[in-house]
Amino acid sequence: MNFSVVTSQFWQLLLNGLAVGLIYVLISLGYTMVYGVLRLINFANSEIFMIGTFATVIVSSQVLHYTSAHEALHGFHLILVLLLLLVVSMVFSATTAIVVELVAYRRLRAKGTNRLASLISAIGTSIVLSEGVRILTKSAPVPTPRLLSKFNIVTFHGVSLRVDTALVIVGALVLYFIVDRFVSKTLLGKAIRAVSMSEDTSKLMGINLNRVISATFLIGGLVTGAAAFFYMQVYETTVFNVGFNLGLAAFTAAVLGGIGNIRGAFYGGLTLGLFEEFASAVIGGQWKSVTVFTVLVLVLLLRPNGLFGEAITQSRV
Amino acid sequence: MINLRDKGAETWEKWGRPQRIAFAVILIAVVGLLPFGGDFSFTSFLNTPVSSYQAVLVYPVGMFVLMALGLNIVVGKSGLLDLGYVAFFAIGGYTAGLLGEYTHLNTWEILPIGMAAAMVAGVALGLPTLRLRGDYLAIVTLGFGEIVRIVALNTQSLGASTGIAAIPTPPKTFGLIFDIEHSNSYFWVVLVMILLVIWMVRRFTVRRPGRAWEAIRQDEDVAILMGVPILKYKIWSFSIGAAIGGAAGVIFASKTQYVAPNEFTFNVSVLILACVVFGGMGNIWGVVLGGVLLAYLPERIRFISDARQLVFGLTLVVIMNLRPDGILPRKKREKLGAKAKALKEAASE
């Protein structure tokens, strides 16, 4: 236990926690949106994330032929490459998400079976994806070439804002804002919200259920892919089971904020990221997941509809 | 496809008491003699590449059938999604490890203690969380499973990452020797436990707890309205399931003489749940079949070692798409079905 860290490094921990939290926000958007329309934990979401990280690595090292010895890029060139990687990662993740929906969910939904069957088929898909990548990579962690030189933008009283942290914070906020606007303003977003309120009623209103569900998976996949890109800019290596712990944390975040609710994912992700950062500074990194889950249990005990409690109508029928 | 489950139930209905007893005795005898089934030349294909057929019968097959039956009470009978069942298995295993190391209790004396420890953990976890609905329970149990593993991994007195070794084997009982050479003895112990669990579940199903679980599974709100004390029965279901997991853990620890955190990962929980859903949720025979298949197949196909899990995942997807209710699904409520059919016909006219 080392409580002095909290005060002495408060601002640094806050910044790092924000960056981690915003990555959680993006991943939990994938969980929470799919949960909203299907009322199912999408177990394959962690693999959708994993595919995104590998897409980043493969494109930057195999297609663009950057090596780890390569000099960091600058200026316009850098922005172009980063944007390209972001798009690639999003596209790959989204494609995976759509495939997962087709393979694991659609047929079962058409048969109108119990939810656990879909859960198991999603777990099966998730195993296939992660094992496939494990065999291809021989279980080894894969580093990505560093394209972004990691300098500190500003250093103020010993607190430094590194360029990748800044990139994550800004990028994730922008993406979150876009998704939030999209769901609340567009027709498709309205349809998604309608389906998550009542599947039957929205069918009666003439909403094409399969299209809406596919669109939800698509958006969830795109956002998860973006999260994968940001993750790679900060951590720079990936491994076949990279998504497992992150997925768990992101789902916890979604529950924390009230699952099925987009704002909930935002608050939950931020809370969890910050809490995790401070908790691991105080009691040591190996207890990180334990503290996270203890908090989760306490939250569920005291505020079963999530910390921010506004999710009731959307997450529960 | 023919509904094997209904056909079996029909035959069973028709039989009188003597026929039923004879069938049960023969079935138990056949299963009890299974360990000798690998001794002949034409059955040698049963031996798996790494461990002998007899050893595989105990772990994973017997253990997974036992745990799947325990989890079936929670998931199949009462409809509570538990994604951290491995926690109870771990608690049983670690209880056996600690008590074996620091006391002179033998395995049979540890067994009830391990079950009690798992039950206490089940109640402690269940009391706050069983008030919540499905998916929250799923994530909390998942978290609990991870917490137990991480606590074991980071606690020096539990051996941290190396775990606890040299756990004593059970003493010689009824002339059966328990050690690494005699897997058969363990198999018979597990078999007796499986039979006890099956008997218990069958009794429960036709009595008050079973009916309460069924009501909770079908519709919680209606169950409350009908006066079912749902929290009480949920906790019973949860802690009975936990006790069975704990028992499996104690036997597992005394068989392998070694427990370590990496034996109790989330994957084990998933595998047990897969046994339940794959075989047919809520139906004992389906769950037994699911346990046997999903525990045995990965061992048998170890020769494609690297792609083993991949094939396993594919199997899950394919089978769930073909038979979403499992291989041997639970009996559908006939009256309800008939009524729904009549209603449908009336609506179409």
Side-chain angles (χ1 to χ4, degrees), chain A residues 35 39-41 43 103-104 106-109 111-132 134-135 138-139 244-245 248 251-252 254-255 259-260 284 286-302 304-306 315-317, chain B residues 75-76 79 81 83-84 125 127-129 131-151 153-154 160 217 265-267 270-271 273-278 281-282 306-326 329:
Chain A
Y35 189 90
R39 309 229 172 272
L40 271 177
I41 306 169
F43 258 91
V103 173
R106 179 157 294 183
R107 274 178 57 97
L108 283 171
R109 197 169 60 243
K111 287 185 179 177
T113 50
N114 63 54
R115 294 152 21 103
L116 279 179
S118 318
L119 192 75
I120 298 290
S121 78
I123 289 175
T125 325
S126 151
I127 294 177
V128 170
L129 285 172
S130 77
E131 282 298 308
R134 185 184 68 80
I135 293 166
K138 299 185 175 61
S139 310
F244 181 74
N245 282 325
L248 220 61
F251 190 82
T252 309
V255 174
I259 194 161
Q286 76 270 37
W287 293 104
K288 197 168 72 175
S289 339
V290 175
T291 52
V292 167
F293 279 115
T294 316
V295 167
L296 180 72
V297 173
L298 287 178
V299 167
L300 287 175
L301 191 60
L302 304 170
N305 288 308
S315 64
R316 292 276 157 261
V317 183
Chain B
V75 180
L81 183 50
L83 292 179
L125 178 69
L127 265 177
T129 52
R131 295 168 205 273
L132 310 166
R133 298 217 172 190
D135 301 277
Y136 288 123
L137 183 69
I139 195 74
V140 172
T141 48
L142 196 164
F144 179 67
E146 283 293 289
I147 286 179
V148 168
R149 188 178 65 83
I150 294 167
V151 167
L153 188 65
N154 291 318
R217 187 180 65 81
T265 55
F266 174 60
N267 288 339
V270 169
L271 192 60
L273 181 67
C275 293
V276 175
V277 181
F278 190 83
M281 248 195 316
D306 228 21
R308 190 162 62 102
Q309 290 287 348
L310 189 79
V311 172
F312 174 68
L314 272 177
T315 318
L316 284 186
V317 178
V318 170
I319 294 288
M320 283 342 282
N321 272 294
L322 292 178
R323 301 206 61 151
D325 289 323

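Computed from a prediction, not measured in an experiment: that's the story for all the values here.
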* Asked: What is the minimum heavy-atom distance between B:M320 and A:L108, and which atoms define it?
  -> O-CD2, 3.2 Å
* Residue B:L271 versus chain A: region with a heavy atom under 4.5 Å -> neither
* Is there a side-chain contact between A:I127 and B:V317 (heavy atoms, below 4.5 Å)? -> no
* Structure fact -> Cut-off 4.5 Å, heavy atoms of chain B, and the answer for A:L129 is neither
* From B:L314 CG over to A:E131 CD, what is the distance, rounded to the nearest 0.5 angstrom? -> 11.0 Å
* Asked: Checking heavy atoms, do the side chain of B:V151, its backbone, both or neither come under 4.5 Å from chain A?
  -> both
* Aromatic plane relationship, B:F266 with A:F43 - under 30° parallel, 30 to 60° tilted, over 60° perpendicular -> parallel
* Determine the option with the most heavy-atom pairs under 4.5 angstrom with chain A, choosing from B:L153, B:T315, B:N321. => B:N321
* Can you check side chain to side chain contact (heavy atoms under 4.5 Å, CB included) on A:L119 and B:V277, steps first, answer last? -> CA-CA 10 Å; A:L119 192 75; B:V277 181; over 6 Å; no
* Can you name the residues that form a salt bridge (Lys or Arg N to Asp or Glu O under 4.0 Å) with B:R217, not counting sequence neighbours? -> B:E214
* To do: Would you mind checking which part of B:I319 comes under 4.5 Å of any heavy atom in chain A, side chain (CB onward), backbone (N, CA, C, O), both or neither?
  => neither
* **Euclidean distance, A:I41 CD1 relative to B:L142 CG, rounded to 0.5 Å** => 7.5 Å
